[in-house]
Amino acid sequence: MSRDSRYDILFEPLKIGPVTTKNRFYQVPHCTGMGWQRPNSLNAMRGIKAEGGWGVVNTEYCSIHPSSDDLLCPYASLWDDSDVRAHRIMTEKVHEHGALAGVELWYGGASASNLYTRDVAFDVNSRPNWKNQPFQSRKMDKRDFRDLRQWYRDAALRARDAGFDIVYAYANHDDLLHNFQRMSSNDRNDEYGGSVQNRARLLRETVEVLKEAVGETMAIAVRFAPDDDEVREGRPVTDEAREFFAEVAELPDLWDVTVQDWSLELGISRFVKEGSLGPFTSYVKEMTSKPVVSVGRFTSPDTMVGQIKKGVVDLIGAARPSIADPFLPKKIEEGRFEDIRECIGCNMCYTGDQLGVPIRCTQNPTMGEEWRRGWHPENVRPKETESRILIVGSGPAGLEAAHALGKRGYDVMMSEARTEIGGRVTLESRLPTLSEWARVRDYREQQFLKLPNVDVYLDSYLNAEDALLTEADHIVIATGATWRADGFGRTNHIAIKGMTAPDQIFTPDDIMAGRLPEGKVVVFDDDYYYMGPVIAEMLQKAGCQVTFVCTDDIACSFGVYTTEQPSVQRSMMEAGIEMVLSKNLESYDGNEVELSCMYTERESKLQADAVVMVTARLPNDELYYELQDLVESGKAGNTKSIRRIGDCEAPAPIASAVYAGRRYALDLDDSSGINYSLRRDANFSD
Ligand code: ADP
Ligand code: SF4
């Protein structure tokens, strides 16, 4: 199909200073958990984005000097010639597809950890490190200002030598330039503090340095925070930022605007929907003649067109939509809307950066595996044998295995006990705020329609005998897992003994099946992710009096890595849920739960009509063991292999199940003999 003319505007070129982007699809800088430590992985991934049609492909934040070091969080760097060589591979890959390559120069100041380089960072003043490290930055003196200008200049020249087309000054997210901007962080009384002109001086000088160094051939961009990090009566406050912006509005060639609050900019879909930043950013375009780009987890081409036509932005910025679907622009151009793999807003992609490991994505299992495993988001290796494959279970693991095996050309049968596909994503997506989880199912369902060699059998519970009757060559068990009611989990390594009221004990599976408690309900969370908080809020809103008891010190502590933790805790508190933290569950007799403090073991009691246990899941692996015994004792006919994948193997987030499905499908009949797990990326510096 060819392009629908409604979307033509998305494919119009746009001049950005001395360079021109071929279209309006702009992959903004986004972290990847790769940085300078894993250049091959990084370059392969960015190259795929350009292949997928993005007009501009940026690096992640790129340090200009060793005194701006963010490890554990991996970042790019332009410190020396080895960095130039590494980046050149990226820019060549990006240019191959007619796209522009951008680099986001970064100096962290007090927000940089410097744990790797052990340099002392400088900032607007001597302030405690913003990553909670027990040290402070030093206050910038005249020499530091001179050095900073020199480092920006050197980095810009290296960026030019590496082949970049756009060079940024990063002035947001509590980094140095941002700290000079805000009155709340800039208390200097010299020419860099006080009046708006003084606070804008450092940004002005930085942009001038970049322009002078490379501005004739490269576009200069600034990533800017257009809000005051405050919402009053439901409206974002932008007064101070707006006054600052008036001072610098015509300085660079491009404005990349995004809010300063990560949990909003990178908001998870539970709390932040597509296109939510408009009210914070829209004034920028009215105040400058320069092109503006902003993000909003845009996946709908109609919303994208609306953003440009309404004059909110000139370019559609995307990080997560480009991760979930690197081929988003191509698919829009070719009118293949049903092929778009829409981001679900879970932020699993961000955890890689926070944990210091390469990026992974729930929707796109190939993300981060482009170099190590040679995976491509759209293409798969054709089948190597005429095998028939039976997949039992159609959750995310089964769905992805069927999708990728089907694309490879195998004959695939997928049986599902329920009357609908999707397993846990279908069930969880019906819980409040999790509706976007269904996109994991919907994308794959759309793909099956194009694959005549994939047959899906609903309402088909299979036992071992049924499975063997299919005469499949390979059997894949993707039967998922069941939430436990016995308290076994992270804290209690055996079942909790004093649980004597089984009829008043519930699990997330009960809730998803519509079996709901009433009255005073304790939600006991030993899982530390979204399920406990989602259920607690759902029950509170349904009229229960919920007490959220957690063995951890905060709710949803895994959400620290996804940025959702503060939003989760705030939302529960605003809903009126009582929070009882750092307490374990000892017993429940139908009237009272007995709790013990995680630190002192001091005991306390709570009245409860019901308890919801959110602790751990038990793999549904009986079928796997039964079939394995039959295969190993030679009683399984011609079955060549039996494998378990996804939650049935080891319960984990949805991203892991999708990955397991893809990995099974691509490992099948792999005669290369390469152990990809051993393929480690490395930076070879001089
Ligand atoms: P995963 O996350 O690993 O994909 P899910 O729990 O989401 O796992 O999905 C497992 C699916 O398997 C569910 O839809 C469930 O109904 C189905 N299932 C479980 N046991 C059987 C069985 N014996 N035969 C057919 N389908 C099954
Ligand atoms: Fe979107 Fe989740 Fe993938 Fe990130 S991990 S790009 S939020 S689907």
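Residue numbers run from 1 in the order of the sequence given. Indexing begins at 1, ligand by ligand and atom by atom, following the structure's order.
Geometrically, Arg223 engages Tyr170 in a cation-pi contact, judged by NZ or CZ lying under 6.0 Å from the ring centre and within 45° of the ring axis. With a 6.0 Å cutoff to the six-membered ring centre and a 45° limit on the axis angle, Arg360 does not count as a cation-pi contact of Tyr659. Remark: Arg341 is positioned above the aromatic ring of Tyr443, its terminal NZ or CZ atom under 6.0 angstrom from the ring centre and at most 45 degrees off the axis.
In this structure, the protein non-hydrogen atom closest to atom 5 (S) of ligand 2 is Cys349 N, 3.2 Å. Considering only non-hydrogen protein atoms, atom 13 (C) of ligand 1 sits nearest to Glu416 OE1, 3.6 Å. Atom 7 (O) of ligand 1 has Arg424 N, 2.7 Å as its closest protein atom, hydrogens excluded (heavy atom only). In terms of protein heavy-atom proximity, atom 6 (O) of ligand 1 is closest to Gly480 CA, 3.3 Å. Nearest protein heavy-atom neighbour of atom 6 (S) of ligand 2: Arg320 O, 3.4 Å. With respect to atom 1 (Fe) of ligand 2, the closest heavy atom belonging to the protein is Cys343 SG, 2.4 Å. Looking only at protein heavy atoms, the nearest one to atom 9 (O) of ligand 1 is Gly395 CA, 3.3 Å. Looking at atom 12 (O) of ligand 1, its nearest protein heavy atom turns out to be Gly393 CA, 3.2 Å.
When only modelled atom types and interatomic distance are considered, Ser571 and Glu537 share a side-chain donor-acceptor pair under 3.5 Å. Side chains of Thr258 and Glu265: a donor on one and an acceptor on the other come within 3.5 Å. One side chain, Trp437 or Tyr530, offers a donor N or O that lies under 3.5 Å from an acceptor on the other. In summary, the side chains of Asp174 and Ser111 do not present any donor paired with an acceptor at a separation below 3.5 Å, with no hydrogens or angles considered.
At a heavy-atom distance under 4.0 Å, only side-chain atoms of Val392, from C-beta outward, approach ligand 1.
Between Arg644 and Glu649 there is no salt bridge, since no side-chain nitrogen of the basic residue lies less than 4.0 Å from a carboxylate oxygen of the acidic one. A salt bridge does not link Asp527 to Arg617: none of the charged nitrogens lies less than 4.0 Å from a carboxylate oxygen. Salt bridge annotation for Lys450-Asp339: present, with a cationic side-chain nitrogen under 4.0 angstrom from a carboxylate oxygen.
When side chains are defined from C-beta on, Val534 counts as touching Arg270, because their heavy atoms get closer than 4.5 Å.
Which parts of ligand 2 touch Ile323 is read off a 4.0 Å heavy-atom cut-off, strictly below it: atoms 6 (S). Less than 4.0 angstrom separates some heavy atom of Gly646 from each of these atoms of ligand 1: 3 (O). Near Thr479, meaning under 4.0 Å from one of its heavy atoms, ligand 1 places the atoms 10 (C), 12 (O), 19 (C), 20 (N), 21 (C). Near Asn347, meaning under 4.0 Å from one of its heavy atoms, ligand 2 places the atoms 2 (Fe), 7 (S). Within the listing of ligand 1, atoms 3 (O), 4 (O) sit less than 4.0 angstrom from a heavy atom of Ala397. Atoms of ligand 1 found under 4.0 Å from any heavy atom of Ala478, numbered from 1 in the order shown, are 10 (C), 11 (C), 12 (O). Atoms of ligand 1 found under 4.0 Å from any heavy atom of Ala657 (numbered from 1 in listed order, with element): 2 (O). Residue Ile344 approaches ligand 2 through these ligand atoms, each under 4.0 Å from one of its heavy atoms: 1 (Fe), 8 (S). Short contacts between ligand 2 and Gly345, defined as distances under 4.0 Å to a heavy atom of the residue, involve ligand atoms 1 (Fe), 7 (S). Within ligand 2, the atoms closer than 4.0 Å to a non-hydrogen atom of Thr362 are 3 (Fe), 5 (S), numbered from 1 in the order shown. Each of the atoms 7 (O), 9 (O), 13 (C), 14 (O) of ligand 1 lies under 4.0 Å from some heavy atom of Gly423. Applying the 4.0 Å criterion to heavy atoms of Pro396 picks out, from ligand 1, the atoms 1 (P), 2 (O), 4 (O), 7 (O).
Between Asp647 and ligand 1, an N or O atom pair is found at a separation short of 3.5 Å. Between Ala417 and ligand 1, at least one pair of N/O atoms sits closer than 3.5 Å. Residue Leu462 places at least one N or O, backbone or side chain, under 3.5 Å from an N or O of ligand 1.
Shortest non-hydrogen contact noted between Gly489 and Asp526 is C-OD2, 3.5 Å.
Side-chain atoms of Arg38 come within 3.5 Å of backbone N or O of Gly33 as a donor-acceptor pair.
Atom 4 (Fe) of ligand 2 lies at 2.8 Å or more from every N, O or S atom belonging to Cys361. With a cut-off of 2.8 Å, atom 1 (Fe) of ligand 2 has no N, O or S atom of Cys346 in range.
For Ser460, the closest heavy-atom approach to ligand 1 falls below 4.0 Å.
Note: Ile391 CD1 to Leu462 CG = 12.0 Å, rounded to the nearest 0.5 Å. Rounding to the nearest 0.5 Å gives a distance of 9.0 Å between CG of Asn43 and CZ of Arg46.
Ring geometry, Trp106 versus Tyr75: the interplanar angle falls from 30° to 60°, so the pair is classed tilted.
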